[in-house]
Amino acid sequence: MSRIAQLTTDKILAGAGGVQLQLGSRPVEIPEPLGSLLLELAHSRQAFAVLGQNEQGPWLFPGGRAGQAMTASHLTVRLNRLGIRARASRNTALLDLAAQIPASVLSDVLGISITCAVAWYSSRTS
């Protein structure tokens, strides 16, 4: 959640080919309808600063302090209110990824040990 809370609007790329999100060195294609929702969020975001200037800054999720991003814990609370459990969703996505790519690649991409990557791969494919 901490990485998501720190996303900036310049990481959202919209073009003729659709919507992409720059998460690393290569943009990731965002499928519809999620792409449209991401663009809508970027255009309709609101800053909630109690003190100081009430401007969004570069953040996709502006926070309660002027010029700051929303905290990971506050973003988690907001998602939970919508019925989205970030931890469970993250774990499911990681295990699904583990079943699709070799353990050595998974280890490199996620920065985890090869032992952990092999265990994830084994648990997902058995």
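Nearest heavy-atom pair, T76 versus M1, reported as atom, atom and distance to 0.1 Å: OG1-CG, 3.3 Å. Between L106 and I112, the shortest heavy-atom distance links the atoms O-CG1, 4.2 Å. Of all the heavy atoms in A14 and L39, the pair that sits closest is CB-CD2, 3.8 Å. Of all heavy-atom pairs between Q6 and W59, the closest is O-CZ3, 3.3 Å. The two residues Q22 and L13 have their closest heavy-atom pair at OE1-CD1, 3.9 Å. When every heavy atom of V19 is checked against every heavy atom of E29, the shortest pair comes out as O-OE2, 3.7 Å.
With hydrogens and angles left out, the side-chain atoms of E32 and S36 include a donor and acceptor closer than 3.5 Å.
In this structure, CG in L60 is found 7.0 Å from CZ in R45, a value given to the nearest 0.5 Å. Here CZ of F61 is found 5.0 Å from CG of L41. Values are rounded to the nearest 0.5 Å. Note that the CG atom of L21 and the CD1 atom of I30 stand 5.0 Å from one another [nearest 0.5 Å]. Distance check: L79 CG to H74 NE2 gives 10.0 Å after rounding to the nearest 0.5 Å.
No side-chain heavy atom of S104 sits less than 4.5 Å from a side-chain heavy atom of S107. Using a 4.5 Å cut-off on side-chain heavy atoms (C-beta onward), D10 and P58 make no contact. Looking at N80 and R85, their side chains come closer than 4.5 Å, going by heavy atoms from C-beta outward.
Both L34 and L23 are members of a single hydrophobic cluster when ILVMFWY side chains are connected at heavy-atom separations under 4.5 Å. Hydrophobic clustering, with ILVMFWY side chains joined whenever heavy atoms are under 4.5 angstrom apart, groups L7 together with I84. Cluster annotation: L82 and V77 are assigned to distinct hydrophobic clusters (Ile/Leu/Val/Met/Phe/Trp/Tyr, side-chain heavy-atom contacts under 4.5 Å, transitive).
Between the R81 side chain and the R78 main chain, no donor and acceptor come within less than 3.5 Å of each other.
Crowding of E40 atom CD: a count of heavy atoms from other residues, nucleotides or ligands under 6.0 Å not exceeding 12.
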